[in-house]
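Have a look at the structure below before the remarks.
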Amino acid sequence: MIHRVTRIARLALLCSLLFPFSALFIPAQSLPPKPPKSPRLYIFDCGSLNLPDPERYQLKREEIVTNLMSAPCFLIVHPKGTLMWDVGVIPDASFAPDGKPATLNYATATKRLLPQLAAVGYKPSDITYLSFSHFHYDHVANANSFAGAAWLIRQKERDIMFADPPSDRTVPANFSALKNSKTIIVKDDEYDVFGDGSVVMKSAPGHSPDHQVLFLKLAKTGPVLLSGDLYHYPEERKLNRYPITEFNLEQTKASRAVIEAYLKKTGAQLWIQHDYTANGKLKKAPLYYE
């Protein structure tokens, strides 16, 4: 009995000595991964759109491979920080507790964004910057989750997001928290996010007032340009067709010409974000491009 009490006393003493310092030990899973040596691109499955009328893109059903559109989300991990680019069509909060697919208008999502982000080691609080190609509802659904990040936004795009009455092309409730976020108004045609030319937001207005695309210089994959909605279907590019719902059609025509020249100049691959077939062939997180 004496030996047992002695052992308990020793254990109690050990715990009392360690307890004041317990706050210094942070569980490993709460820390983001170490910064990579060069940029990485993670692609998350954030759903799809089943649009019944390709005619709005001046395309006939028989001219396109599929009327479906992908709606991916992207995380760029740079040695100096992280950037979320486009954050889905359906908010995580809209999923039922049973985890069944969530739907909204023409959209369906089978996976929540934040668990996919967590699976690669990141929380919303680990995100340095948030930005969108544009303000439409299928690109901003989980924006409120990243209100703690610095928001990179062009002025005309921010203006239309908080216009009164609101635009019918978006869901203001999904990004309302950004109104009080740290906001960096992007004024340059080409905005170098991390200062080394590897992650560059480039102006491409027309589809929306201040639409933009994202250029990435990846060490192994090579240069890539994420299209936003400069194009939706690859057939738009092939057949030189334009949507009838552009904010400013002439600007879209000019932006496409500028970006096509930029692609030739940089040698970048164009990844059309809504291209359902091409997106289906891309690696999804936890795999990544580098």
For the pair [X] (side chain) and [Y] (backbone), establish whether a donor and an acceptor sit closer than 3.5 Å, ignoring hydrogens and angles.
| X | Y | value |
| --- | --- | --- |
| D126 | K123 | yes |
| S181 | K179 | no |
| E63 | E235 | no |
| T170 | F135 | yes |
| R241 | Q58 | yes |
| N142 | V87 | yes |

Do you know which two heavy atoms are closest between [X] and [Y], and how far apart they sit?
| X | Y | result |
| --- | --- | --- |
| S255 | P205 | OG-O, 2.6 Å |
| G88 | C73 | N-SG, 3.1 Å |
| L218 | P39 | CD2-O, 3.7 Å |
| L130 | A143 | CD2-O, 4.1 Å |
| T252 | G206 | OG1-C, 3.0 Å |
| I127 | A149 | O-CB, 3.4 Å |

Review point. Does one side chain, of D229 or H134, offer a donor that lies under 3.5 Å from an acceptor on the other?
Key: yes
**Study point:** Donor + acceptor pair across side chains of S131, Q212 (<3.5 Å)
**Key:** yes
Practice item. Step by step, work out the side chain to side chain contact (heavy atoms under 4.5 Å, CB included) result for W271 and N279. Key: CA-CA 8 Å; W271 288 3; N279 184 71; over 6 Å; no
Practice item. Output yes when D159 and K156 qualify as a salt bridge under the 4.0 Å nitrogen-oxygen rule, no when they do not. Key: no
Review point. So, E157 and R154, do they make that salt bridge, N to O below 4.0 Å?
Key: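 No, this pair does not count.
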ILVMFWY cluster, [X] and [Y] together (side-chain gap under 4.5 Å):
| X | Y | answer |
| --- | --- | --- |
| V199 | F74 | yes |
| I272 | L225 | yes |
| L41 | L270 | no |
| F132 | L83 | no |
| Y231 | L239 | no |

Rounded to the nearest 0.5 Å, what separation is found between the [atom1] atom of [X] and the [atom2] atom of [Y]?
| X | Y | atom1 | atom2 | result |
| --- | --- | --- | --- | --- |
| D189 | S203 | CG | OG | 5.5 Å |
| R112 | D45 | CZ | CG | 13.5 Å |
| L230 | H207 | CG | NE2 | 9.5 Å |
| S176 | M161 | OG | CE | 10.0 Å |

Within the 4.5 Å heavy-atom criterion, are [X] and [Y] side-chain neighbours or not?
| X | Y | result |
| --- | --- | --- |
| L114 | P124 | yes |
| K284 | P72 | no |
| L178 | N180 | no |
| F215 | V193 | no |
| T221 | Q269 | yes |
| T66 | T277 | yes |
| L152 | I185 | no |
| R256 | I259 | no |

Once ring pair (Phe, Tyr, Trp, His ring centres under 6.0 Å) is applied, do any residues pair with [X], and if so which ones, sequence neighbours excluded?
| X | result |
| --- | --- |
| Y57 | H232, Y233 |
| F175 | F162 |
| Y122 | none |

**Study point:** R56: salt bridge (charged side-chain N to carboxylate O under 4.0 Å, His left out) partners, not counting sequence neighbours
**Key:**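 Here the qualifying residues are D53.
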Study note, to complete from the structure: Residues at least two apart in sequence or cross-chain that pass salt bridge (charged side-chain N to carboxylate O under 4.0 Å, His left out) with E62, listed by chain then number, are none
Exercise for review: Mind running side chain to side chain contact (heavy atoms under 4.5 Å, CB included) on L226 and L216 for me, showing each step along the way?
Suggested key: CA-CA 8 Å; L226 302 181; L216 303 173; 4.3 Å; yes
Revision key, fill the gap. Applied to residues 209-220, the salt bridge (charged side-chain N to carboxylate O under 4.0 Å, His left out) test, sequence neighbours excluded, yields K220-E290
Practice item. Please name all residues satisfying side-chain contact (heavy atoms from CB on, under 4.5 Å) with P166, sequence neighbours left out, ordered by chain then number. Key: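 Residues passing side-chain contact (heavy atoms from CB on, under 4.5 Å) with P166: D164, P172.
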Review point. Of all residues at least two apart in sequence or in a different chain, which pass the side-chain contact (heavy atoms from CB on, under 4.5 Å) check with L49?
Key: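 Scan of L49 (side-chain contact (heavy atoms from CB on, under 4.5 Å), adjacent residues dropped) gives L51, M69, V89, A107, Y137, D138, H274.
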Practice item. Mind running side chain to side chain contact (heavy atoms under 4.5 Å, CB included) on I153 and V186 for me, showing each step along the way? Key: CA-CA 6 Å; I153 183 71; V186 176; over 6 Å; no
Review point. Would the Y129 and F194 ring centres measure less than 6.0 Å apart?
Key: yes
Practice item. Determine which pairs satisfy side chain to side chain donor-acceptor pair (under 3.5 Å) with at least one residue from residues 90-110, sequence neighbours left out, and list them in order. Key: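 Sorted result for residues 90-110: empty, none.
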Revision key, fill the gap. So side chain to side chain donor-acceptor pair (under 3.5 Å) across residues 67-88, not counting sequence neighbours, yields N50-N67, H78-D196, H78-S198, T82-T128, W85-Q273, D86-S133, D86-H139, D86-Q273
Point to revise | From CA spacing to verdict: side chain to side chain contact (heavy atoms under 4.5 Å, CB included), M84, L113 | key: CA-CA 11 Å; M84 284 298 306; L113 172 57; 4.2 Å; yes
Practice item. Examine K202 relative to Y191 and say whether NZ or CZ is less than 6.0 Å from the centre of the six-membered ring and inside a 45° cone about the ring axis. Key: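 No - K202 does not lie over the ring of Y191 by the 6.0 Å and 45° rule.
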Check your understanding: In the hydrophobic clustering (ILVMFWY, side-chain contacts below 4.5 Å, transitive), which residues join L249, or is it alone?
Key -> Y242
**Study point:** Hydrophobic cluster (4.5 angstrom, side-chain heavy atoms) - remaining members for Y276
**Key:**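 Once heavy-atom contacts under 4.5 Å are chained together, Y276 belongs with L68.
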Practice item. Classify the angle between the aromatic ring planes of F44 and Y42 as parallel (below 30°), tilted (30 to 60°) or perpendicular (above 60°). Key: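 Parallel: the ring planes of F44 and Y42 meet at under 30°.
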